[in-house]
Amino acid sequence: MPSMRAVLETRQKAAAVQVQQLEAELERVRAALADAEEVHRRRMIGLEQYLEALAEENAPAMSQKKPVGPRRAVPHRQNATEVKELSPDYQALMAAAADAGGDGLGARRAAVVLGWDSASASRVEGARARLKRLVERGWLVEKKPGRFTLPLQAQDTAGRPGGGS
């Protein structure tokens, strides 16, 4: 018959093995959760953009808060000469980024600039998507995560009349 010590040591080893197995399972579940959250975030943005486009398409002209030009893609910075070439919403975001200066414009503030509810996660993500689009096209930079600023050359000329030196 095994001694009490041997029985307890066997139970302790079995518990240690179970802890290791559960820790491995926990890591797998955490990784799966992170992946699922990212997919959810991207789908929320896509749905929000679809709903915005649908609302703009179906909204009568009289009920719009501000004039909206034709829907057009954001041009790459090297293909455009002035901010005036952007749609009114993007012009407003560029002006807000200039006002924010070195601190940068955040997505929540961008949602407010666009006239959206900044307490709505989907609206904030929609604003973030627009800011990211401006970064992709060279209009803004994101030196710190979530903080969008004008590129250095644009900051240098932002305060000068005519943008010259």
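Keep in mind the model is a prediction, meaning the values are calculated, not measured. Along the sequence shown, the residues carry numbers beginning at 1.
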Worksheet item: With distance as the sole test, does R123 use its side chain to make a donor-acceptor pair with the main-chain N or O of W116 at under 3.5 Å?
Response: no

Closest non-hydrogen atoms of G138 and P151, given as atom of the first, atom of the second and distance, are O-CG, 3.8 Å

Separation between CZ (R108) and OG (S120), nearest 0.5 Å, reads 9.5 Å

Checklist entry - Under a 4.5 Å cut-off applied to non-hydrogen side-chain atoms, are W139 and R133 in contact? => result no

In this structure, CZ of R42 is separated from CD of E125 (nearest 0.5 Å) by 12.0 Å

Is the shortest side-chain heavy-atom distance between L93 and L86 below 4.5 Å?
no

Can you give each donor-acceptor pair under 3.5 Å made by side-chain atoms of residues 15-30, sequence neighbours left out, with the distance rounded to 0.1 Å?
residue : atom : partner : partner atom : Å
E25     : OE1  : R28     : NE           : 3.4
E25     : OE2  : R28     : NH2          : 2.8
E27     : OE2  : R30     : NH1          : 3.2

One should read off an interatomic distance between Q49 CD and M44 CE, to the nearest 0.5 angstrom, of 11.5 Å

In short, H76 meets R137 closest at the heavy-atom pair CE1-CD, 3.3 Å

Between G106 and R147 the two heavy atoms that sit nearest each other are CA-NH1, 3.5 Å

Of all heavy-atom pairs linking T149 and G102, the shortest is CG2-O, 4.0 Å

Worksheet item: Is there a donor-acceptor pair under 3.5 Å between the side chain of E142 and the backbone N or O of F148?
Response: no

Problem - Cluster overlap V112 with L140, hydrophobic side-chain contacts below 4.5 Å - result: no

From the list K13, Q12, R5, side chain to side chain donor-acceptor pair (under 3.5 Å) with E9 holds only for R5

Nearest heavy-atom approach of L131 to A107 is CD1-CA, 3.9 Å

CG of D103 to CZ of R109, rounded to nearest 0.5 Å, is 13.0 Å

Of all heavy-atom pairs linking A110 and L105, the shortest is N-CD1, 4.0 Å

Same apolar cluster (I L V M F W Y, side chains within < 4.5 Å links), V135/M94: yes

